[in-house]
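Read the numbers this way: they start at 1 and go in the same order the structure lists the ligands and their atoms. All values below come from the heavy atoms of this structure, side chains included, with hydrogens, waters and symmetry mates left out.
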Amino acid sequence: MIIKRYIVSNMNEAMTRIRYELGKDAVIISQRKIKKPGLMGFFSKKVIEVTAAVENNKKKEEDMTESIEAIKKLMKQDGTIDSADISVPKKEKVTILREKEVYKPESQAMQSKQVDLYKEMQEMKNMLGNILDKSQGLTETGVKSDLVSKLEDNDVNDKAIKKILSHMEIQGEDLEEKEKARYAIESMISESDVKMEGSVVLVGPTGVGKTTTIAKLAGRLSLLEKKKVGLITIDTYRIGAVEQLKTYADIMNIPFKVVFTIKEMEAAVEAMSDCDVILIDTTGRSSKNAMQISELRAFVEKVNTDNIHLVISCTTKNKDIDSIVEGYKQLKYNNVIITKLDETQSYGSIINILEIAKKPISFITTGQNVPDDIRKPSTKEISNLILGEDSIC
Ligand SMILES: Nc1nc2c(ncn2[C@@H]2O[C@H](COP(=O)(O)OP(=O)(O)OP(=O)(O)O)[C@@H](O)[C@H]2O)c(=O)[nH]1
Ligand SMILES: [Mg+2]
């Protein structure tokens, strides 16, 4: 919109000037009598101040048409631009010229850069694909290797398989695949060098064989190694649990105590201070029940020992291993005992358990016979089981 102010002596003069300058569409917005501006005007007679306005759309339209025409012209030209041909306002002209002159050569360069970049990305994608295939145990043709199939058959989980394969990657080329796998597995597990002396606590889920394992250990230590052994149980929860361990204590003729409260724990351990080893049995708890686990923790802390073993069955489902191993971590176990190896044909869970627990393996149990069915395993024995080279009958 154009707004203009006129100082005229009468309305006729105003109308003539407005029509001439602003066109017939102009309208008068205001009119008032004023004294002529300036010092001299103070003494002169009054004049009229008229304000008129007109929409400048038309002007805009004209500019637009001009601009469009200019752009059309430019689009038809491939090479240089004769700016003289372009009858657009100066501002637009400069912008258009810049776009045309600067962007065109750059877009060609950019295009070839993009092609190079695309090629590089494609190469990287192929390289990554190969690495991924190898780490997933796929052969060049994308088929699973025999080793991966064997590990899967043995219930080794994906995470452990990937780790085995990545350990194999860094081994010498001259080794056979099976040897590489064996070394890889052996480097992922460790034998515990814990001594069976002082207070030893066994914790773990229900029915994994804690009490039976305690009986086996007590038998071996007292009968074979001639050590003075004491037994304590805090499992007053399950009916028959106390009798179960007491029976073994009676047969082996070793001292036995039942602890009912956290307070009694310290006193019970103190009372057996003349023993070489005190084996402490605990209540089986679900790792999903945080309350029960922290209750157990209060008992275990009172024992004040760093000889704590997580007992877990080899038959535990892969999905449950995680929550058991993680759930029991608050009891600060520093060894793992894996039980019931005689009950399965696939031993992959051993490496799955140890891989999550990141603790050494102290014992494996291989049957219900007390005290025979327990032993310290070697890493070689475990790798043989996992690779299907051996089995527990
Ligand atoms: N096949 C086999 N059975 C075992 C083994 N160890 C223990 N058992 C059996 O597993 C069952 C449970 O054993 P327990 O020692 O009572 O298990 P627990 O962990 O003390 O159980 P809770 O006290 O209820 O938590 C019993 O029938 C044992 O004979 C083993 O190595 N192999
Ligand atoms: Mg028990």
Side-chain angles (χ1 to χ4, degrees), residues 199-221 229-252 254 256-260 265 268 278-297 299-300 303 308-317 320-321 323-325 327-328 331 333 335-350 353-354 357 361-377 381-382 385 390-393:
S199 301
V200 179
V201 184
L202 265 60
V203 296
T206 51
V208 291
K210 295 180 294 298
T211 308
T212 312
T213 304
I214 292 247
K216 288 172 184 172
L217 287 171
R220 290 171 66 94
L221 290 164
V229 180
L231 292 183
I232 293 176
T233 184
I234 61 166
D235 189 5
T236 52
Y237 180 79
R238 189 169 60 80
I239 297 165
V242 172
E243 281 66 35
Q244 189 187 357
L245 199 57
K246 191 175 183 306
T247 310
Y248 288 118
D250 287 346
I251 296 167
M252 294 177 213
I254 52 181
F256 173 67
K257 277 193 180 298
V258 184
V259 165
F260 290 90
M265 184 54 107
I278 306 166
L279 299 169
I280 301 163
D281 194 13
T282 60
T283 320
R285 291 299 192 196
S286 160
S287 55
K288 289 194 280 183
N289 193 328
M291 266 283 282
Q292 289 182 345
I293 300 280
S294 55
E295 194 182 86
L296 202 55
R297 183 179 160 184
F299 275 98
V300 174
V303 180
I308 304 166
H309 303 244
L310 171 70
V311 184
I312 181 166
S313 169
C314 187
T315 60
T316 310
K317 278 190 278 171
D320 299 330
I321 289 174
S323 74
I324 294 168
V325 172
Y328 270 91
L331 295 184
Y333 60 84
N335 289 277
V336 178
I337 296 175
I338 301 181
T339 59
K340 305 193 182 184
L341 266 68
D342 56 308
E343 284 193 1
T344 181
Q345 291 301 317
S346 54
Y347 305 96
S349 60
I350 301 176
I353 293 166
L354 297 176
I361 183 162
S362 49
F363 295 99
I364 52 168
T365 75
T366 54
Q368 292 176 293
N369 297 316
V370 177
D372 291 340
D373 296 337
I374 188 167
R375 65 170 175 269
K376 273 179 175 285
E381 182 180 8
I382 292 172
L385 289 172
D390 203 353
S391 71
I392 308 277
C393 300

Run down the list [options] and name the one with the heavy atom closest to [atom].
atom                    : options          : answer
atom 22 (P) of ligand 1 : G207, G204, G240 : G207
atom 11 (C) of ligand 1 : K340, R238, K216 : K340
atom 19 (O) of ligand 1 : Q244, R285, K210 : K210

Is there a nitrogen or oxygen of [X] sitting under 3.5 Å from a nitrogen or oxygen of ligand 1?
X    : value
T339 : no
D342 : yes
T365 : yes

Requested in this report: Check for a donor-acceptor pair, side chain of N289 on one end and backbone N or O of Q292 on the other, with a separation under 3.5 Å.
Outcome: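 At least one qualifying donor-acceptor pair exists.
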Give, for atom [atom1] of [X] and atom [atom2] of [Y], the distance between the pair rounded to the nearest 0.5 Å.
X    : Y    : atom1 : atom2 : value
I382 : I361 : CD1   : CD1   : 4.0 Å
F299 : I280 : CZ    : CD1   : 11.5 Å
L245 : I254 : CG    : CD1   : 7.5 Å
S362 : I374 : OG    : CD1   : 8.0 Å

Which atom names give the shortest non-hydrogen contact between [X] and [Y], and what distance separates them?
X    : Y    : result
F256 : K246 : CE2-CB, 3.6 Å
I324 : S287 : CA-OG, 3.5 Å
T344 : T315 : CB-CG2, 4.4 Å
D342 : I392 : CA-CG2, 4.0 Å
K210 : T283 : CE-C, 4.1 Å

Atoms in ligand 1 flagged as close to [X], the criterion being non-hydrogen separation under 4.0 Å:
X    : result
T206 : 25 (O)
T212 : 7 (C), 13 (O), 14 (P), 15 (O), 28 (C)
E343 : 1 (N), 2 (C), 3 (N)
G284 : 25 (O)

Nearest-contact summary for [atom] - protein heavy atom, Å:
atom                    : answer
atom 27 (O) of ligand 1 : Q368 NE2, 3.4 Å
atom 30 (C) of ligand 1 : G367 O, 3.1 Å
atom 17 (O) of ligand 1 : G209 N, 3.0 Å

Output side-chain donor-acceptor pairs under 3.5 Å for residues 229-238, partner residues at least two apart or in another chain, one line each.
| residue | atom | partner | partner atom | Å |
| --- | --- | --- | --- | --- |
| T233 | OG1 | D235 | N | 3.0 |
| D235 | OD1 | Y237 | N | 3.3 |
| D235 | OD1 | R238 | N | 3.4 |
| R238 | NH2 | Q244 | OE1 | 2.8 |

Query raised in the report: Under 4.0 Å from ligand 1, counting heavy atoms only, is it the side chain of D235, its backbone, both or neither?
Result: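 Answer for D235: side chain.
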Query raised in the report: What do you reckon, does D373 put a non-hydrogen atom under 4.0 Å from ligand 1?
Result: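 Flag not set, D373 not near ligand 1.
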Report task. Determine, using heavy atoms of A241 and all atoms of ligand 1, whether some pair is separated by less than 4.0 Å. Result ->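 No.
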Requested in this report: Run through V336, I337, N335 and flag the one making a side-chain contact (heavy atoms from CB on, under 4.5 Å) with Y333.
Outcome: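 With Y333 as partner, V336, I337, N335 yield a single side-chain contact (heavy atoms from CB on, under 4.5 Å), made by V336.
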Query raised in the report: Would you find more than 12 non-hydrogen atoms of other residues, nucleotides or ligands less than 6.0 Å from K288 atom NZ?
Result: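 Count not over threshold, so no.
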Query raised in the report: More than 12 non-hydrogen atoms from neighbouring residues, nucleotides or ligands closer than 6.0 Å to NZ on K257, yes or no?
Result: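 For K257, atom NZ is not crowded (no more than 12 foreign heavy atoms under 6.0 Å).
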Report task. Give me the protein N, O or S atoms that fall under 2.8 Å of the Mg ion (ligand 2), sorted by chain and residue number. Result ->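 Sorted hits: T211 OG1.
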